[in-house]
Each structure stands twice: as structure tokens, then as C-alpha cells.
Trainee: 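Take this structure first; my questions come after.
No hydrogens, no waters, no symmetry mates; every other heavy atom, side chains included, goes into these values. Start at 1 with the first residue, then count along the sequence.
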Amino acid sequence: MSNTNETPTRGSSHDREIVEAKVIVTCPGRNFVTLKIVTRSGVEGLGDATLNGRELAVASYLQDHVVPNLIGRDAGQIEDIWQFLYRGAYWRRGPVTMSAIAAVDVALWDILGKMAGMPIYQLLGGRSREGALVYGHANGRDIAEASDAVGRFIEQGFLAVRAQCGVPGIKKAYGVSSAKGYEPAESELPLETTWNTPRYLGVVPKLFEQLRADHGAEVELLHDAHHRLTPIEAARLAKSLEPYRLFWLEDATPAEDQKAFELIRQHSVTALAVGEVFNSIWDCKHLIENQLIDYIRTTIVHGGGITHLRRLADFAGLHGVRTGFHGATDLSPVTMGAALHFDTWVPNFGIQEYMFHTDETDAVFPHDYVLRNGRLHVGDTPGHGVTIDEKLAAKYPYQPKQLPIARLEDGAMWNW
Ligand code: EZ4
Ligand code: CO
């Protein structure tokens, strides 16, 4: 360095050399896997690698297979490291691999921001909007309870609310919980729930008819079918919801079969969102190119980080598809922070899912984003603005928890 006043963090590739990478598993209310990368000059970056119900697989992938490859590399070579981990593993894609790559990628963007003295949204190209429109999760055991819950979100200033309600005769319908926060990964072995599609299809249009009657035409309403429907059932639901103008109908049918969405589109103008379980641009290429969806849900932690999501979002933008990032509580505040920087920049932003983390989680991951008037606002802290209190994290050891499963009434496995 020629100028002695220059901050050491802006220095040469020698200063940027990765000297340490550490995997932190903690359970402040639920499990999170976090990767911390440290450079020779002492800059630290954090990435989230949480894969709900399969956390230790990603922790091992990072610890055993990725960390040894990171030591000695230049933290500034974000693209090259991404390509190294993606191409270099030979085994491409998949949620475990892509969550691990995401953790490295986000940690490196965090480091880059700190070295540049800039928030990540600035590195991406700057602010496109003041804040990111978010939607909250309202639910109730029946329609009346769900409508009251939606009302409480509106009172808190939310402009968009996802609504789920119980299905008569079904114990533990998806998205319905009496507890304060909805946490689906509840037990060491999967909770067994039952499913009945005809009864579900009977109740959902009535729920939204009631919500429009109670809360008016303006509030944005969303619904998640959580992969439960066949393509023709999904088409029927989408058609029956048209009068209530949903912001979106999410995961109407599993989308391994991307072509299935053609059938839904043929029958309905209800906006469609899909992709929280996707991990690659290739999972939604047909959906996007053929304009079969309106919102892509794949988010940073499960989709290879900022580097891959930027590619995906640009591709989606060409086809009129907007972002609607997954943001349930199993995505840690690190992902939320990184996602909000992305949302603040991305030109084709749609909406951001947002559930409150527990106080324990917020204490382990201090962050600078704030909710104001129905939007989440990022701060100007360099990087993504989320840190970890490692001492506190160590007080919450990993707890084995899996997501529930669903069976039809005859006992056959269905999609949870
Ligand atoms: O079931 O994040 O839209 N949100 C969702 C979530 C998912 C969980 C799975 O880990 O569908 O509630
Ligand atoms: Co969902």
C-alpha cells in the first residue's frame, strides 16, 4: 500500500486472503446454520446455510468439503469462488449444495461491502425503492378467526397479508397454528397430518370472499396451497379465487413438472407464485420463459446466494416475472438482511415474505433492518448489516427437528 492513510481493509489480495471459515450451528428457538469467513486483515462476513429439517447435512458439506477449499483464497473473487464451488464439485445443484454455496457467497458479499464501506444494495447498483413491501402470515382455525388475524395485521400497518385457515375435518392443516409464531418443524420425527383436497377446495374461496367483505378491496391478499393440488385442481382453485383478486396463489402444484403450470394458466388469471424449494435457475427456466408464473419465490439461502439470484432475477425480468422471496422463520436474519439489500436494488421486485423471528433469534443475530408502514427498510451498515453473537449462539445447542408430512385419508403419502 502506498498511502498509509488508506484503511487496511481496502488493501491487496494478500489482505483479502481467507484465513478462517467457521460453521456455527445454533437453535435460539429453531435451528440455524451460519458460516463465518474471516480475512487476513480481520474483516468478517456472515452467510446463512439453513435448510429446515436437514441442517446438519449442509453443516457437514460446509465443514468437511467447502471450508478446506476456502482457506488461502482471495475473498474478493466472489464470482470465481462461486464457479469453483458449483463446477468444481462436479455434482451440481440440489438444496444442500446450493445452500452451502449461498452461505459462502453471502459471506463474501458481506466482506466486500465492509471493505468498500458500502451496504450491499449499493454494490448491486443502488437503491431502486425506499423499502421492500412485505407480507405477514395470518391464520385461524376457521374463517372468522383467520379474518380477525388479517385485521390485526392491517392494524399493525401491513399492506399485504397471507391468509390460511383450517379445513373442516383436518387436524393441523398447513399454515394454521394456535401458537404465536408458526413454526412447522416441531418434532424430532415428522408429525403425521392428514389431507383432503375436496374439503380444502370448498373452504378457500369462502375464506377470501369473507376477507374481501371484512377488509375491503385494497389490502393485498395472498395464499399458499403448499404443493397440495394436482394441476387441474390447481386450475380450479385459481379460477374460483379470481373474484377476490389475490396478489398471488403460491405453490398451487409441485413444480418439478414445470409444464403443469400451462394447464393452470389456460384456465385462470389469478397471479401465480412458485419456487421456495427451487435452488437453481434451471428449476424455473420453462416457467419463466413461457410466462407461466408471475413471481419467483427462490431466495438467496437456497438458491446459491446473491450471485445466482441476480442472474435469476435478471432472466425473470426479461419475461415480466417479479421476485417474491421466501422469508419464513427458518431463513435466518442473515438471509433476511441479504434479501432486503437485494429487494432494495432489484428492478423487478414484487414482494418479500416476512415472519417475525423470536426474541431469542433476534438477540443471537443483531441486525439493522426495520419494519415501517408495511415495508422493511435496510440500514446503511457496510455489508448486509447482520451479525452474530457467538457466545449467545453457543447457549442454544442444535435440536433435531423435522417438518411434518401429510397423508391422504387412506394412508397414502401426499405432499406436505
Ligand atoms: O413451509 O419455510 O411460504 N412459506 C412456506 C413456509 C415453508 C417452510 C419450510 O421450511 O411455505 O412455511
Ligand atoms: Co410457501
Trainee: About how many Å separate CH2 of Trp82 and NE2 of His308, when rounded to the nearest 0.5 Å?
Mentor: 5.5 Å
Trainee: Do side-chain atoms of Ser99 reach the backbone of Pro95 as a donor and acceptor pair under 3.5 angstrom?
Mentor: yes
Trainee: Could you check Glu44 against Ile37 for side chain to side chain contact (heavy atoms under 4.5 Å, CB included), going step by step and ending with a plain yes or no?
Mentor: CA-CA 6 Å; Glu44 296 182 1; Ile37 296 179; over 6 Å; no
Trainee: Determine whether Val66 and Val104 make a side-chain contact, defined as any pair of heavy atoms from C-beta on separated by less than 4.5 Å.
Mentor: yes
Trainee: Go through it in stages, so that I can follow the logic: the residues are His226 and Glu250, the test is side chain to side chain donor-acceptor pair (under 3.5 Å), and I'd like the CA-CA distance, side-chain angles, deciding distance and then a yes or no.
Mentor: CA-CA 7 Å; His226 221 255; Glu250 174 186 341; over 6 Å; no
Trainee: Taking side chain to side chain donor-acceptor pair (under 3.5 Å) as the cut-off, I'd like each qualifying pair that reaches into residues 402-412, sequence neighbours left out, listed once.
Mentor: Arg54-Gln402, Glu192-Arg407, Asn196-Glu409, Arg199-Glu409
Trainee: Verify, without hydrogens or angle tests, whether Thr335 (side chain) and Leu331 (backbone) share a donor-acceptor contact under 3.5 angstrom.
Mentor: no
Trainee: Around atom CG of Asp64, are there more than 12 heavy atoms from other residues, nucleotides or ligands closer than 6.0 Å?
Mentor: yes
Trainee: Do Ile388 and Leu46 have side chains that get closer than 4.5 Å, going by heavy atoms?
Mentor: yes
Trainee: Is the side chain of Asp389 donor-acceptor paired with the backbone N or O of Lys391 at a distance under 3.5 Å, no angle test?
Mentor: yes
Trainee: Less than 6.0 Å separating the ring centroids of Trp195 and Tyr174?
Mentor: no
Trainee: Could you give the distance from CZ (Arg212) to OG (Ser147), rounded to the nearest 0.5 Å?
Mentor: 11.5 Å
Trainee: Supply the atom-to-atom distance Ile18 CD1 to Leu70 CG, rounded to the nearest 0.5 angstrom.
Mentor: 5.0 Å
Trainee: Using the side chain to side chain contact (heavy atoms under 4.5 Å, CB included) criterion, which residues pair with Asn52? Sequence neighbours excluded.
Mentor: Arg30, Glu55, Ala185, Asp330, Leu403
Trainee: Output all residues satisfying side chain to side chain contact (heavy atoms under 4.5 Å, CB included) with Glu233, sequence neighbours left out; order by chain, then residue number.
Mentor: Thr197, Leu201, Leu229, Thr230
Trainee: Mind checking what makes side-chain hydrogen bond (donor to acceptor under 3.5 Å, both in side chains) contact with Tyr295, not counting sequence neighbours?
Mentor: Arg322
Trainee: At what distance, to the nearest 0.5 angstrom, does CZ of Arg92 lie from CG of Leu85?
Mentor: 12.5 Å
Trainee: Do side-chain atoms of Arg141 reach the backbone of Ala146 as a donor and acceptor pair under 3.5 angstrom?
Mentor: no
Trainee: Is Leu133 close to Gln352 at the side-chain level, that is, under 4.5 Å between some pair of heavy atoms?
Mentor: no
Trainee: The test is salt bridge (Lys or Arg N to Asp or Glu O under 4.0 Å); show your working for Glu353 and Arg297 and say whether it passes.
Mentor: CA-CA 9 Å; Glu353 181 179 23; Arg297 301 260 306 134; 2.9 Å; yes
Trainee: Would a 4.5 Å heavy-atom cut-off, applied to side chains only, mark Asp283 and Arg93 as touching?
Mentor: yes
Trainee: If you define the side chain from C-beta out and look only at heavy atoms, does anything of Trp91 sit under 4.5 Å from Thr97?
Mentor: no
Trainee: With Thr194, which residues qualify under side chain to side chain contact (heavy atoms under 4.5 Å, CB included), at least two apart?
Mentor: Ile170
Trainee: With distance as the sole test, does Asn139 use its side chain to make a donor-acceptor pair with the main-chain N or O of Ser177 at under 3.5 Å?
Mentor: yes
Trainee: Within the 3.5 Å criterion, strictly below it, is a donor on Asp110 or His384 matched to an acceptor on the partner's side chain?
Mentor: yes
Trainee: Would you please test Glu262 and Lys259 for salt bridge (Lys or Arg N to Asp or Glu O under 4.0 Å) and show each step?
Mentor: CA-CA 6 Å; Glu262 289 173 16; Lys259 233 175 160 298; 3.1 Å; yes
Trainee: Measuring only between side-chain heavy atoms, which start at C-beta, is Arg16 closer than 4.5 Å to Met115?
Mentor: yes
Trainee: Strictly under 6.0 Å, is that where the ring centroids of Trp248 and Tyr135 end up?
Mentor: yes
Trainee: What about Phe349 and Phe342, are their ring centers closer than 6.0 Å?
Mentor: no
Trainee: How about Tyr354 and Phe356: are their ring centroids closer than 6.0 Å?
Mentor: yes
Trainee: Not counting sequence neighbours, which residues clear side chain to side chain contact (heavy atoms under 4.5 Å, CB included) with Thr253? List them please.
Mentor: Pro231, Ala234, Ala260, Phe261, Ile264
Trainee: Minimum heavy-atom separation for Ile143 to Leu207, with atom names?
Mentor: CD1-N, 3.7 Å
Trainee: Answer yes or no: is there a donor N or O on one side and an acceptor on the other, between the side chain of Arg129 and the main chain of Gly131, under 3.5 Å?
Mentor: no
Trainee: At their closest point, which heavy atom of Ala271 faces which heavy atom of Leu246, and how far apart are they?
Mentor: CB-O, 4.4 Å
Trainee: Counting only N and O atoms by type, is there a donor-acceptor contact under 3.5 Å from the side chain of Asp105 to the main-chain atoms of Ile306?
Mentor: yes
Trainee: Please check: side-chain N/O of Thr361 versus main-chain N/O of Pro28, any donor-acceptor pairing under 3.5 Å?
Mentor: yes
Trainee: Do we get Arg228 above Trp414's six-membered ring, with its NZ or CZ under 6.0 Å from the centre and within 45° of the axis?
Mentor: no
Trainee: Roughly how far, to the nearest 0.5 Å, is CD of Glu79 from OG1 of Thr307?
Mentor: 5.5 Å
Trainee: Hey, is the main chain of Val301 close enough, under 3.5 Å, to the side chain of Thr299 for a donor-acceptor pair?
Mentor: no
Trainee: Just wondering, more than 12 heavy atoms not from Arg236 lying within 6.0 Å of its CZ?
Mentor: no
Trainee: Should the pair Glu390-Lys22 be classified as a salt bridge under the 4.0 Å nitrogen-to-oxygen rule?
Mentor: yes
Trainee: Do Thr298 and His326 have side-chain heavy atoms sitting under 4.5 Å apart?
Mentor: no
Trainee: Is Val23 close to Thr34 at the side-chain level, that is, under 4.5 Å between some pair of heavy atoms?
Mentor: no
Trainee: To the nearest 0.5 angstrom, please state how far the OG1 atom of Thr39 sits from the CG atom of Leu112.
Mentor: 11.5 Å
Trainee: Please work out which of the three classes, parallel, tilted or perpendicular, describes the rings of Tyr369 and His367, given edges at 30° and 60°.
Mentor: parallel
Trainee: List the steps and the verdict of side chain to side chain donor-acceptor pair (under 3.5 Å) for Ser268 and Glu242.
Mentor: CA-CA 7 Å; Ser268 166; Glu242 279 175 1; 3.2 Å; yes
Trainee: Yes or no on side chain to side chain contact (heavy atoms under 4.5 Å, CB included) for Phe315 and Glu289, after CA distance, side-chain angles and deciding distance?
Mentor: CA-CA 9 Å; Phe315 175 59; Glu289 270 173 351; 3.6 Å; yes
Trainee: Are the side chain of Arg73 and the backbone of Asn69 linked by a donor-acceptor contact shorter than 3.5 Å?
Mentor: yes
Trainee: Is the ring centre of Tyr244 less than 6.0 Å from the ring centre of Phe208?
Mentor: no
